[in-house]
Amino acid sequence: MTKVLRVAILLSYCSILCNYKAIEMPSHQTYGGSWKFLTFIDLVIQAVFFGICVLTDLSSLLTRGSGNQEQERQLKKLISLRDWMLAVLAFPVGVFVVAVFWIIYAYDREMIYPKLLDNFIPGWLNHGMHFKA
């Protein structure tokens with residue numbers, strides 16, 4: 001069940017990234033493009049992390065019971081990469097982005113997400129970018 005959930009989350013992040021990149025915003029045309037926004041960087045980190053999770057799940061399914069020592073060693077490296085990415089990048093950056101965004105949003109919406117952006121970014125996409133379950 002968790003394997004199916006990880007695939008669904010990966011597809012969700014890929015969908016959000018594709019929809020975000022399809023938006024024509026003036027700030028995307030300036031220096032740095034979307035990469036100057038921590039929210040976008042977080043989305044990429046989360047998508048890569050869940051991609052590694054899905055790859056790890058598929059590898060474990062394919063190597064289960066094979067008895068091949070090399071495959072087991074490669075799988076352990078992949079699991080180590082997944083665990084490192086969660087501990088160092090995905091979790092800390094994800095929590096920081098969500099917490100800071102919603103705290104500032106509650107304090108003064110115009111400071112972090114002006115109403116002008118509602119013309120460019122639909123509400124569902126904003127919540128998808130700033131809500132982690």
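Owing to the predicted nature of the structure, the values given are computational and were not obtained by experimental measurement.
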(Q) Is there a path of hydrophobic side-chain contacts, each under 4.5 Å between heavy atoms of I/L/V/M/F/W/Y residues, joining Met111 to Val100? (A) yes

Q: Go through Trp35 and Val44 one step at a time and tell me if the side-chain contact (heavy atoms from CB on, under 4.5 Å) criterion holds.
A: CA-CA 10 Å; Trp35 291 97; Val44 171; 3.8 Å; yes

**Q.** Hydrophobic cluster partners of Ile79 (side-chain heavy atoms under 4.5 Å)
**A.** Leu75

Q. Is a side-chain N or O of Ser15 found less than 3.5 angstrom from the main chain of Leu11, in a donor-acceptor match?
A. no

Q: List in chain and number order the residues that pass ring pair (Phe, Tyr, Trp, His ring centres under 6.0 Å) with Tyr113, two or more places apart in sequence or in another chain; answer none if no residue qualifies.
A: none

Q) Honestly curious: do Leu61 and Phe50 fall in one hydrophobic cluster under the side-chain, below-4.5 Å linking rule? A) no

Q. Quick one: does Leu89's side chain get under 4.5 Å of Trp84's, heavy atoms only?
A. yes

Q. Would you say the side chain of Arg73 lies within less than 4.5 Å of the side chain of Gln69, judging by non-hydrogen atoms?
A. no

Q) Is there side-chain contact between Ile112 and Tyr107, with heavy atoms separated by less than 4.5 Å? A) no

Q. Are any of the side-chain heavy atoms of Leu117 and Pro114 separated by less than 4.5 Å?
A. yes

Q: Mind checking ring pair (Phe, Tyr, Trp, His ring centres under 6.0 Å) for Phe91 and listing every partner two or more places apart, or none if nothing turns up?
A: none

Q. Under a single-linkage definition using a 4.5 Å side-chain heavy-atom cutoff for Ile, Leu, Val, Met, Phe, Trp and Tyr, are Val88 and Leu38 assigned to the same hydrophobic cluster?
A. yes

**Q.** Exercise: do Asn68 and Glu72 side chains pair donor with acceptor under 3.5 Å
**A.** no

Q.
For the backbone of Lys76 and the side chain of Ser80, can you confirm whether one donor and one acceptor N or O come within less than 3.5 Å of each other?
A. yes

Q) Roughly how far, to the nearest 0.5 Å, is the CG atom of Asp57 from the CG atom of Leu62? A) 11.0 Å

Q.
For a quick test of reading the model, state the closest non-hydrogen atom pair linking Leu78 to Ser59 and the distance between them.
A. CD2-OG, 3.7 Å

**Q.** Side chains of Gln46 and Val93 in contact at under 4.5 Å (non-hydrogen atoms)
**A.** no

Q. Taking all non-hydrogen atoms of both residues, which atom of Pro92 and which atom of Ala87 are closest, and how far apart?
A. CG-O, 3.3 Å

